[in-house]
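In what follows, a structure is listed as C-alpha cells, so that the remarks can point back to it.
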Amino acid sequence: MEINKKAYEAYVKEVTPVHKRWPSIFRAFLVGGIICTLGQLCTSLFINGGFEKEVASAWTTLILIASSVILTGLNIYPKIVKFGGAGALVPITGFANSVVAPAVEFKSEGQIFGIGCKIFTIAGPVILYGILSSWILGVIAYVLMAFGIL
Amino acid sequence: MDYVKAFVVGGLICVVIQILMDNTKLMPGRIMVLLVVVGSILGAVGVYQPFADWAGAGATVPLLGFGNSLWKGVWKSIGEDGFIGIFKGGFTASSVGISGALIFGYLGSVIFKPRMKS
Amino acid sequence: MQLGKASVKFEEPPVILSMASIVGKKEGEGPLGKMFDMVEQDDMFGADTWEKAESTLQKQTADLAIEKGDIRRKDIRYLFAGDLLGQLIATSFGTVDLEIPLFGLFGACSTMGEALNLGSMAIAGGFADKVMAMASSHFATAEKQFRFPLGYGNQRPYSSSWTVTGCGSVVLGKHKKEGIAAITGITTGRMVDMGIRDSMNMGAAMAPSAFHTIQQNFDDFQVDESYYDKIITGDLGKVGRTILLDFMKNKGHNLESVHTDCGLEIFDSETQDTHAGGSGCGCSASVLCSYILPKVQSGEWKRVLFVPTGALLSTVSFNEGETIPGIAHGVVIEHIGN
C-alpha cells in the first residue's frame with residue numbers, strides 16, 4: 001500500500017472521534033467531588049462520635065470500600081464510572097471496584113485460580129508498586145538519615 | 001466548610017486525571033498505579049500531609065491519599081524500628097484499605113453473580 | 001477455477017440450503033431485531049457460565065439451521081466453525097453433540113468469511129455434499145477474555161465497538177438451481193498490518209485489510225464496485241467505514257452508497273450506546289443469516305460481496321506492545337434466478 005504506517009497513524013487520529021472534553025471533565029468533577037464529600041461526612045461523624053482522627057479515617061475507608069463492593073455487585077458502580085470517568089476511578093471506591101469485579105467474574109474458574117488469582121488483576125499492581133515505591137523512598141530517607149542529612 | 005473543601009479538592013484531582021486519561025489513553029489500571037506512586041512521592045517530599053490536613057477527605061479519599069499513607073507508615077516505622085521498619089510500615093499503614101478491599105471483595109464474590117453490561 | 005492472485009470462481013457454485021441466526025437481548029432490540037430467527041432474553045442462555053452460554057448459543061443455532069433446512073445431521077460431512085475464545089472453547093464444547101467432523105477456525109471476527117471460503121471450496125472440490133459454516137461471539141466472554149471483568153467500571157471511547165452476542169449458521173450444498181443463494185466466488189484475505197496499536201479502535205486496524213481484499217477481488221475478477229449491489233464488511237464500524245471509503249476513493253472507487261457494514265446495521269448507535277458499532281464473529285455471521293441472505297434470496301440484491309473483517313490480536317501480543325494486524329475474507333454471494 002502506498003500510505004506508510006506513520007502517515008496512517010496520523011490519518012486515523014484525524015478520523016477518529018473523541019469524547020467531548022468539557023462534559024466529561026465536568027462529570028468527573030461532580031462524581032469525584034460527591035464521593036470525597038461523602039468521605040468527609042463519614043469522617044466528621046466518627047470524629048464527632050468521639051473517635052480519633054486516624055481511626056475515623058480508617059472507618060471511612062472501610063465504609064467507602066463496602067459501599068463500592070455492594071454497588072458493584074448490584075451493577076450500579078460500572079454505571080457511575082461510565083458517567084463520571086476518573087471521578088469514580090480515582091477515589092478508593094474505584095480501587096474497591098477493581099478488586100470485587102474480577103472476584104465476581106472469575107468465580108466460575110474456582111476459589112484458587114479464579115477468585116484467588118484474579119482478585120489481584122488490577123489491585124495487585126497497585127499494591128505492588130505502592131509498596132515498592134514507598135519502600136524505595138524509605139531506603140532513600142534511611143540513607144539520608146544515616147548521613148545526617150535528614 | 002470542610003465539605004466544600006472536600007468536594008472541590010476531590011473533584012479537581014479527578015478532573016486532572018480525567019484530562020490525563022482523555023489525552024493519553026492510559027488504561028485505568030495504570031492510572032491507579034500512577035496515583036499511588038505519585039501519592040507516596042508527594043508524601044515523602046513533605047507536600048501531601050499538610051495538603052491533606054487542609055483538604056480532609058478531598059485529599060485522603062483519592063488514591064493519592066493511599067500512596068501518602070503508605071509513605072507515612074514507612075516513615076513512622078523507620079522511626080520506631082530502624083531499617084526493618086522500611087519493610088514494615090507500608091503494609092501496616094495500608095492494612096485497613098487492603099484487607100477491607102480483599103475481604104469485602106471476596107464476600108462480594110460469594111454473594112453476587114456476574115451480570116451483563118447494559 | 002483459480003482466479004488472479006487470491007480468488008476462486010466456482011464453475012458450479014455451491015448453494016446455501018439453510019440458515020439460522022440467534023442473538024442476545026440487546027441485538028434483539030436493535031434495528032434488525034425482527035429479522036433474527038430467535039432472540040434469547042437470558043444472556044446466560046440458561047447456562048451457569050458465560051462460556052457455556054456461548055456454547056449453548058452455537059448448539060442451538062446449528063440445530064435450528066439443520067431443522068429449518070429439513071436436513072439430517074449425518075448428511076453434513078464437515079463443520080467449519082469458530083469463535084473468539086482461547087482454544088475455541090465455545091465451538092469445541094458447543095458442537096460435541098452434533099457429531100459432525102469439525103474444522104475449528106480462528107479468524108477473529110472474520111471467521112464466518114473463512115468458514116464460507118473453506119466450506120464452499122470443500123463442496124466445489126467434490127469433497128462433501130453438505131457442510132455447515134458457523135461463527136459465534138458473546139459480549140461477556142469476549143469482554144472477560146480481552147478487556148475487563150464486566151463489573152469493572154470503565155469509559156469506552158467513541159472508536160470502540162460492542163461485541164455482538166449472536167451466532168449465525170448456514171448449510172452449504174452442491175450446485176443446483178434452487179436454494180437461498182449461491183456462492184459464486186471467494187477472495188481469501190491476507191494479513192495486513194498498518195501499525196495500529198489501539199485496541200479500542202479496531203475499525204482502524206481492520207479497514208486496510210478490508211480495502212486490500214476488496215481491491216484484490218476487483219483485480220482478480222476484473223470488475224469494480226458497479227458489479228455488486230452491495231459490498232458488506234463485517235465490523236469496521238463508523239471509523240473503519242470512513243477509512244475504507246477514503247482508501248477506495250484514492251483508488252478511484254466510490255463505495256459511498258454500495259457499502260454497508262454489519263456492525264453498523266445491527267445496532268442503533270444513538271439509542272443503544274454502542275459507539276462505533278457491533279463487532280465479534282457473531283456480528284457478521286448473524287447479520288448474514290438474518291439481513292443479507294434474505295435480501296439476496298428475494299432478488300432485492302442480485303449480487304453482494306460479503307467481507308467479514310478480523311483483528312488478530314491476543315492479550316499477550318497486546319501486552320507485549322505488538323501491533324494489531326487485520327484480515328478480511330471476501331465471499332461473492334448471488335441470487336439464484338430462474
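Naming convention: chains lettered A, B, ... in sequence-line order (proteins, then strands); numbering from 1 in each chain.
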With a 4.5 Å limit on heavy-atom distance, are the side chains of B:Leu63 and A:Ile92 in contact?
-> yes
For A:Tyr8, which residues count as a ring pair (Phe, Tyr, Trp, His ring centres under 6.0 Å) partner, sequence neighbours excluded?
-> C:Phe247
Value rounded to 0.5 Å, distance of CD1 in A:Ile70 from CD1 in B:Ile111 = 7.5 Å
Who in residues 50-58 of chain A is close to chain B, using a strict under-4.5 Å heavy-atom cut-off?
-> A:Lys53, A:Glu54, A:Ala58
If you count heavy-atom pairs under 4.5 Å with chain A, which of B:Ile13, B:Val4, B:Leu34, B:Val15 comes out on top?
-> B:Val15
Under 4.5 Å heavy-atom distance to chain B, tell me which part of A:Ile127 shows up: side chain, backbone, both or neither.
-> side chain
For the residue pair B:Phe112 and A:Asn75, establish whether any side-chain heavy-atom pair is separated by less than 4.5 Å.
-> no
Could you tell me which portion of A:Ile122 (side chain, backbone, both or neither) has an atom closer than 4.5 angstrom to a non-hydrogen atom of chain B?
-> side chain
Point-to-point distance, once rounded to the nearest 0.5 Å, from SG of A:Cys36 to OH of B:Tyr3 | 13.5 Å
Taking only residues at least two apart or on different chains, which pairs with a member in residues 93-106 of chain A satisfy side-chain hydrogen bond (donor to acceptor under 3.5 Å, both in side chains)?
-> A:Thr72-A:Asn97, A:Tyr77-A:Thr93, A:Glu105-C:Trp50
A:Ile131 versus chain B, heavy atoms under 4.5 Å apart: side chain, backbone, both or neither?
-> both
What part of A:Ile140 gets closer than 4.5 Å to chain B, counting heavy atoms only: side chain, backbone, both or neither?
-> neither
Side chain, backbone, both or neither: which part of A:Ile119 has a heavy atom under 4.5 Å from chain B?
-> side chain
A:Leu41 versus chain B, heavy atoms under 4.5 Å apart: side chain, backbone, both or neither?
-> both
Honestly, the part of A:Ile115 sitting under 4.5 Å from a heavy atom of chain B is side chain
Where A:Gly130 and B:Val36 come nearest, the two heavy atoms and their spacing | CA-CG1, 3.4 Å
Does anything in residues 100-119 of chain A pair up under ring pair (Phe, Tyr, Trp, His ring centres under 6.0 Å), and if so which pairs, sequence neighbours excluded?
-> none
What part of B:Met116 lies closer than 4.5 angstrom to a heavy atom of chain A: side chain, backbone, both or neither?
-> backbone
What residue in B:Leu64, B:Asn23, B:Thr60 has the most heavy-atom pairs under 4.5 Å with chain A?
-> B:Asn23
Out of curiosity, B:Ile86 CD1 to A:Trp135 CH2, how far, rounded to the nearest 0.5 Å?
-> 7.5 Å
Where on A:Leu74 is there a heavy atom nearer than 4.5 Å to chain B: the side chain, the backbone, both, or neither?
-> both
Comparing B:Ser99, B:Ala44, B:Pro28, B:Ser40 against chain A, the one with the most heavy-atom pairs below 4.5 Å turns out to be B:Ser40
Locate the shortest heavy-atom distance separating B:Gly97 from A:Phe95; write the atom from each residue and the value.
-> O-CE2, 4.5 Å
Validation row: B:Phe7, A:Ile34 side chains within 4.5 angstrom (heavy atoms) = yes
A:Ser44-B:Asp2 side chain donor-acceptor pair, cut-off 3.5 Å = no
Side-chain heavy atoms of B:Met21 within contact of A:Leu89, under 4.5 Å | yes
Minimal heavy-atom distance between B:Asp22 and A:Ser24, with the atoms involved, is OD2-OG, 3.2 Å
Would you mind checking which part of B:Leu35 comes under 4.5 Å of any heavy atom in chain A, side chain (CB onward), backbone (N, CA, C, O), both or neither?
-> side chain
Rounded to the nearest 0.5 Å, how far does CD1 of B:Ile17 lie from CD1 of A:Ile25?
-> 12.0 Å
Please report the shortest heavy-atom distance between B:Gly100 and A:Leu62, naming the atom on each side.
-> CA-CD2, 3.8 Å
Contacting region of A:Phe120 [heavy-atom separation from chain B under 4.5 Å] | side chain
